[in-house]
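Below, chain A is the first sequence line, B the second, and so on; all start at residue 1.
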Number of protein chains: 2
Amino acid sequence: MVMGRPRSFDTDKALDEAMEVFWRHGYDGASLAMLTKAMGIKPPSLYAAFGSKEGLLKAALDRYAQKRSAHMRYVLAGPTARDVAERFLSSIAESHTDPANPPGCLLVQGGLACGAGSENIPFELAARRAQTETELRERFVQAKQDGDLAADADPAALARFLSTVASGMGVLASSGADRDALREVARVSLSAFTTCHASVSGRPYDERRAPAPIVSPRESS
Amino acid sequence: MVMGRPRSFDTDKALDEAMEVFWRHGYDGASLAMLTKAMGIKPPSLYAAFGSKEGLLKAALDRYAQKRSAHMRYVLAGPTARDVAERFLSSIAESHTDPANPPGCLLVQGGLACGAGSENIPFELAARRAQTETELRERFVQAKQDGDLAADADPAALARFLSTVASGMGVLASSGADRDALREVARVSLSAFTTCHASVSGRPYDERRAPAPIVSPRESS
DNA sequence: AGACTTATCTACCACTCGATACAAAAGTTG
DNA sequence: CAACTTTTGTATCGAGTGGTAGATAAGTCT
């Protein structure tokens with residue numbers, strides 16, 4: 001078996017650079033010229049390694065998720081539902097204003113709406129955002145069983161609320177809000193969480209509701 | 001003085017169409033071909049009327065704000081701070097899932113990150129989002145003077161929280177969430193608001209709490 | 001009517017987009 | 001070394017980008 005010429009660039013390093021370009025300019029706004037320059041490679045190398053621009057994005061998203069997995073494990077390991085929420089919100093406040101990265105969240109900045117030929121990119125990003133919401137929801141279901149979340153609390157609603165606030169913080173950070181601003185939003189949001197998981201006893205949530213449609217097909221223009 | 005040939009298309013109607021294209025595809029994703037087709041005019045007419053693609057966006061944003069001004073007046077006219085918050089959040093839940101428009105919010109979908117040559121678009125949109133936050137803040141300052149908001153409440157923080165949730169709801173709606181999902185987020189968020197503006201007297205939040213430690217390992221690239 | 005002003009249309013500009021053909025280069029394996 | 005396989009750089013592809021030149025059409029004014 002013959003091996004052929006070895007790759008002359010580090011795939012993960014190149015993906016980190018590509019990730020930053022997508023993060024800062026969005027999928028449509030990130031041109032191949034930008035990407036290849038940042039990654040330090042030429043188009044044929046890019047296409048040989050990742051197949052297409054969309055393939056490159058997916059690889060970058062995988063790496064993004066991988067880099068954050070430890071973080072998320074820490075969040076979900078919080079001893080109580082409230083701790084999980086607090087860890088989640090503050091980690092978002094920090095990470096979305098980390099000077100080592102572009103401000104905001106790649107899964108939000110990357111592209112909520114794209115042009116012709118990129119219609120599925122928003123779905124791809126939405127699916128990855130939904131993953132975090134799912135993890136939170138399952139953790140809250142567990143918390144309910146553990147008894148540190150009120151019996152009539154709605155894990156799905158709480159997870160969706162936190163996920164929504166996180167997206168909002170991404171938007172806020174992308175427009176230049178500083179870390180303290182995001183911390184403050186986190187604090188107010190946490191009070192909401194606390195209220196909802198403790199005080200709902202009087203007014204029960206309707207729990208036969210479906211667990212949130214994540215991605216629905218959209219009509220083409 | 002001579003008047004010249006009159007314009008053969010309705011500017012506002014054309015702007016409505018352009019608005020929808022920007023809304024659905026974002027600034028970068030909206031091509032001139034799409035825009036002119038939707039507006040029913042040819043490029044020279046577009047450029048004569050709006051100057052450039054960016055000028056067209058700004059005009060569309062103006063119209064967007066104009067269309068929402070009545071709505072926002074109603075929100076701000078709420079009798080108490082809590083009513084204002086409730087009106088705000090539920091109007092967002094409705095408008096962001098209005099089938100007459102693309103899902104989400106133009107000011108969010110329009111472009112959080114853009115490509116080379118469009119760097120100022122995100123600023124433009126952020127400035128318009130900030131306007132809503134300002135209106136809410138000023139309303140809450142008034143509410144404080146009126147006494148329907150606790151003396152130690154923070155109007156700026158509350159306004160920012162609401163604005164952030166609204167952006168998050170825009171992201172959520174853009175990925176296909178239905179109206180009930182947004183209503184639920186609104187409800188949870190409102191409970192946060194209520195807690196923050198009412199309960200500060202009863203069970204004060206520890207404002208000296210350390211801003212949430214990030215202990216998790218984050219491998220910096 | 002005829003002069004004048006402005007809008008509209010056809011056709012096209014220079015440029016950038018994502019993506020590739022092709023040949024030289026750089027390794028591994030016999 | 002020679003055969004083989006894969007990557008790399010150069011140079012470029014056709015399509016689409018935002019934007020415009022120039023002629024013509026459609027009005028108003030005197």
Side-chain atoms of residues 162-172 of chain A: list all donor-acceptor pairs with protein atoms under 3.5 Å, sequence neighbours left out, distances to 0.1 Å.
from      : atom 1 : to        : atom 2 : distance (Å)
Thr164(A) : OG1    : Arg160(A) : O      : 2.7
Ser167(A) : OG     : Ser163(A) : O      : 3.3

Gly4(B) vs Pro6(A), nearer the 5' end of DNA chain C by closest nucleotide: Gly4(B)
Positions of residues 40-53 of chain B (non-hydrogen atom under 4.0 Å from DNA chain C), listed by number: Lys42(B), Pro44(B), Ser45(B)
Rounded interatomic separation in angstrom, taking [atom1] from [X] and [atom2] from [N]:
{"X": "Lys37(A)", "N": "dG9(D)", "atom1": "NZ", "atom2": "P", "value": "16 Å"}
{"X": "Arg7(B)", "N": "dT28(D)", "atom1": "CZ", "atom2": "C1'", "value": "16 Å"}
{"X": "Leu32(B)", "N": "dT17(D)", "atom1": "CG", "atom2": "P", "value": "8 Å"}

Could you tell me which residues satisfy side-chain hydrogen bond (donor to acceptor under 3.5 Å, both in side chains) with [X], sequence neighbours excluded, listed by chain and number?
{"X": "Arg63(B)", "answer": "Asp16(B)"}
{"X": "Glu133(B)", "answer": "none"}
{"X": "Asp98(B)", "answer": "none"}
{"X": "Asp180(A)", "answer": "Arg183(A)"}

Selection residues 56-78 of chain B - residue pairs positive for ring pair (Phe, Tyr, Trp, His ring centres under 6.0 Å), sequence neighbours left out: Trp23(B)-Tyr64(B)
More than 12 heavy atoms from other groups under 6.0 Å of CZ on Phe123(B): no
Residue Ser31(B), side-chain heavy atoms: nucleotide from dG18(D), dC17(C), dT8(D) that is nearest: dG18(D)
From dC29(D), dC17(C), dT17(D), nucleotide with atom closest to Met3(B) side chain: dC29(D)
Atom pairs, protein N/O to nucleotides 23-25 of chain D N/O, distance under 3.5 Å:
from    : atom 1 : to      : atom 2 : distance (Å)
dA25(D) : N3     : Arg5(B) : NH1    : 3.0

List, one per line, each side-chain donor-acceptor pair under 3.5 Å for residues 31-45 of chain A, sequence neighbours excluded.
from     : atom 1 : to       : atom 2 : distance (Å)
Ser31(A) : OG     : Met34(A) : N      : 3.2
Thr36(A) : OG1    : Leu32(A) : O      : 2.8
Thr36(A) : OG1    : Ala33(A) : O      : 3.2

dA7(C) phosphate, OP1 or OP2, under 4.0 Å from Ser8(B) side-chain N/O: no
Polar contact flag, side-chain donor to acceptor under 3.5 angstrom, Glu135(A)-Gln131(A): yes
Set of ring pair (Phe, Tyr, Trp, His ring centres under 6.0 Å) partners for Phe161(B), sequence neighbours left out: none
Nucleic acid contacts - residues 115-124 of chain B versus DNA chain D, non-hydrogen atoms under 4.0 Å: none
Counterpart residues, side chain to side chain contact (heavy atoms under 4.5 Å, CB included), relative to Arg5(A) (two or more places apart): none
